[in-house]
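Order of the sequence lines fixes the chain letters, A, B, ..., with proteins taken first and strands second; residue numbering starts at 1 for each chain.
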Amino acid sequence: MFLSARTLLYDRLRLAISVGGMAFAVVLVLLLRGIMDGTVEKSTTYIDNVGADVFVAREGVKNMALSVSAVPEELVSELAALPGVTQASGVVRVTVTVSEGDRRQPGDLVGYEPGSGLGGPWKVTAGQPPASAGEAALDSVLASRLHVGVGDRVAIGGRDFVITGLTGDTTSIAGKLVFITLADAQILLQSPNVVSFVLLKIANPADAPSVAESILAEFDDTQALTRAEISGNDRDMLGELFLAPINVMSTIGFMVGLAVIALTMYTVTSERLRDFGVLKAIGAPQGFLLRTVMSQATVLGVAGFTVGLVAAILVGPVVVRFVPDIGVKVNWEPSVVTLAAVVGMSLLGAVVPVMRIIRVDPLLVFRR
Amino acid sequence: MSSPLVVHDVSKSFGSGDSTVRAVDRVSFQVEEGEVVVIIGPSGCGKTTLLSMLGCLLRPTSGEISILGEEVTGLSERRRARFRLRHIGFVFQSFNLISALNATENVEIALNLAGVAGTAARRRVSGLFDLLELTPRATMRPNDMSGGEQQRLAIARALANRPDIILADEPTASLDSHAGRVVMELMQSAVRAGETKSLIVVTHDMRILDVANRVLAMEDGVVREVDAATIRQAQANQAGAPGL
């Protein structure tokens with residue numbers, strides 16, 4: 001083992017370049033996967049934080065993102081009367097354009113009943129949530145892009161609103177949330193007495209699945225999903241949208257890593273071919289020589305992975321700072337898979353050097 | 001007691017048909033325990049080919065080589081490697097030390113390959129370094145050592161597993177006369193000290209003849225035994241001849 005370590009450490013600059021190259025490939029893979037996981041997780045921020053245990057929509061609607069749902073508002077009071085339901089509130093959710101002067105940004109509008117305590121913002125970073133007609137709370141990232149703050153006015157869907165508050169943790173790739181009253185939202189949509197979703201709070205959240213089942217059984221034309229279900233559905237759908245490009249980029253990352261390892265191992269072995277010939281001449285078994293190369297490749301791969309993992313964890317928050325729409329979450333599961341792939345890749349990269357060592361003629365020791 | 005090395009009617013040819021070159025031609029000799037045998041001859045006469053066959057690195061085209069009573073020409077590659085590790089030590093002209101390892105590690109690796117590790121290996125290295133006056137160089141890399149020191153280190157590696165035979169290929173060719181003499185004296189004393197049974201040196205350096213018990217002269221692949229004193233006299237006459 002010390003031969004492997006010493007040979008790698010002999011040229012420290014090359015070792016640093018090799019580990020750096022490998023780490024770059026690992027960062028690419030982990031960061032892409034982390035962006036996918038983080039962004040998908042962030043995309044369900046409304047569902048996860050709004051406080052509802054069950055979401056009721058029009059029949060067939062199983063997602064909140066990229067879906068259209070409309071149910072009669074009277075359903076809210078009917079659902080509120082169900083056993084186990086402690087609170088019910090209707091919300092309208094639709095994509096709108098928010099503008100201030102020449103600046104325009106897309107927003108994800110949420111119309112909710114301010115008095116209900118359900119459906120509105122959960123983290124107000126400045127000012128107050130909207131309480132009456134003509135008031136709005138904007139996601140803080142959206143507000144900064146529009147260069148507006150509390151007290152300023154913006155146009156939402158063509159109507160004038162005053163900003164009463166700014167909200168945090170409400171930015172995602174699916175949109176930046178804009179909160180107004182339910183009545184204002186219904187006016188904007190010209191759909192009085194209609195809501196997109198009914199949010200239910202259950203006395204015992206563990207009963208949410210059975211409440212959802214009873215709603216499905218009792219109410220025609222509705223879809224009832226627990227928070228975990230609708231959140232999972234949204235994440236799966238967005239994940240699938242991400243998956244193909246992420247896989248392509250990950251494959252490119254792996255190819256880069258493989259090339260780095262193969263090149264490094266080939267160079268190290270070529271330079272040390274005479275050493276291997278000497279060891280063969282003095283009687284080193286083939287297995288020892290192969291183990292030496294394999295362990296070098298593995299050490300190189302694991303070192304590259306470790307540096308890459310740490311770099312990905314450190315770079316993640318920096319990426320989010322510059323691009324708040326996305327999230328970065330380096331999970332342990334893809335990390336373990338990446339580590340296994342890196343080790344496999346390292347061993348694959350050692351194949352050509354191994355072939356050279358098998359063929360090396362120990363008689364080269366007599367060459368001057 | 002049987003001879004550590006018996007070479008019987010060994011030939012080695014390269015190429016085929018009209019282009020066949022017979023590098024070693026029906027060579028027979030034996031080496032006794034405690035002997036230092038020097039094989040001399042001009043470049044290209046087949047010395048290194050013969051040494052490669054004695055070291056189980058090359059199979060003869062015909063003939064037999066017995067080392068410690070074991071016929072080695074028919075052994076598989078794997079068994080020949082194991083045989084080399086246990087019974088043969090090599091010293092090369094170009095030292096062939098591993099530059100990534102320090103002096104101690106260069107010797108330890110030979111011991112480790114033979115299954116000697118830890119304290120036993122360190123003790124053996126220490127003993128060899130005392131014998132070969134390398135102790136102050138124990139942690140140095142080969143590239144930071146002089147040619148003479150590198151060759152002494154190569155001898156330490158060759159002696160590490162107490163081989164029965166040491167085969168040395170031009171061990172003084174890369175050294176100045178003083179360093180060359182020191183190296184040869186150390187190898188000779190290793191034989192006397194029982195660190196190895198026999199020493200076979202291939203060279204065209206006539207200064208080495210001083211340490212030889214027997215001298216074999218090789219020319220065009222053929223070996224004949226010669227008297228060292230006669231060779232030295234011939235060398236001296238040649239060196240003193242007018243116009244030379």
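- Remark: A:R274 CZ to B:S94 OG distance equals 4.0 Å, nearest 0.5 Å.
- Other residues, nucleotides and ligands contribute more than 12 heavy atoms inside 6.0 Å of the CZ atom of B:R207.
- By the 6.0 Å contact criterion, CE on B:M206 is enclosed, its count of non-hydrogen atoms from other residues, nucleotides or ligands being greater than 12.
- Residue B:F83 qualifies as enclosed at atom CZ: its count of foreign heavy atoms under 6.0 Å is above 12.
- Interface residue A:L363: only side-chain heavy atoms are found under 4.5 Å from chain B.
- Contact annotation: the side chain of B:Q93 never approaches that of A:F366 to less than 4.5 Å [non-hydrogen atoms, C-beta and beyond].
- One distance of note links CD1 of B:I109 with OG1 of A:T292; it measures 7.0 Å at 0.5 Å rounding.
- In this structure, no portion of B:R80 lies under 4.5 Å from any heavy atom of chain A.
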For B:I98 and A:L279: C-alpha separation, side-chain torsions, deciding distance, then whether side chain to side chain contact (heavy atoms under 4.5 Å, CB included) applies. CA-CA 9 Å; B:I98 298 173; A:L279 291 169; 3.8 Å; yes
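- Taking CG of B:L85 as the start and CZ of A:F288 as the end, the distance is 10.5 Å to the nearest 0.5 Å.
- Counted within 6.0 Å of CD on B:E70, heavy atoms from surrounding residues, nucleotides or ligands total more than 12; the atom is thus considered enclosed.
- At most 12 non-hydrogen atoms from other residues, nucleotides or ligands lie less than 6.0 angstrom from CZ of B:R78.
- Counting heavy-atom pairs closer than 4.5 Å to chain A, the top residue among B:E77, B:E105, B:E108, B:R141 is B:E105.
- Here the side chain of B:N96 pairs no donor or acceptor atom with the backbone of A:V278 at under 3.5 angstrom.
- Of the residues considered (B:L57, B:I88, B:N161), B:L57 shows the highest number of contacts with chain A, using heavy-atom pairs under 4.5 Å.
- Neither the backbone nor the side chain of B:R86 comes within less than 4.5 Å of any heavy atom of chain A.
- Highest contact tally toward chain A, considering only B:A110, B:S174, B:S99, is held by B:S99 [criterion: heavy-atom pairs under 4.5 Å].
- Between the side chain of B:R84 and the main chain of A:K280, a donor-acceptor pair closer than 3.5 Å is present.
- In terms of heavy-atom pairs under 4.5 Å with chain A, the best-connected choice from B:N102, B:L101, B:N112, B:L58 is B:L101.
- Expressed to the nearest 0.5 Å, how far CD1 of A:I282 lies from CZ of B:F92 amounts to 8.0 Å.
- Atom CZ of A:R356 has more than 12 heavy atoms from other residues, nucleotides or ligands within 6.0 Å.
- A pairwise comparison of heavy atoms in B:A100 and A:R6 identifies O-CB, 3.6 Å as the closest pair.
- Closest approach of B:L97 and A:D275 over heavy atoms only: O-OD1, 3.9 Å.
- Under a cut-off of 6.0 angstrom, the local environment of CG in B:D220 is sparse, with at most 12 non-hydrogen atoms contributed by other residues, nucleotides or ligands.
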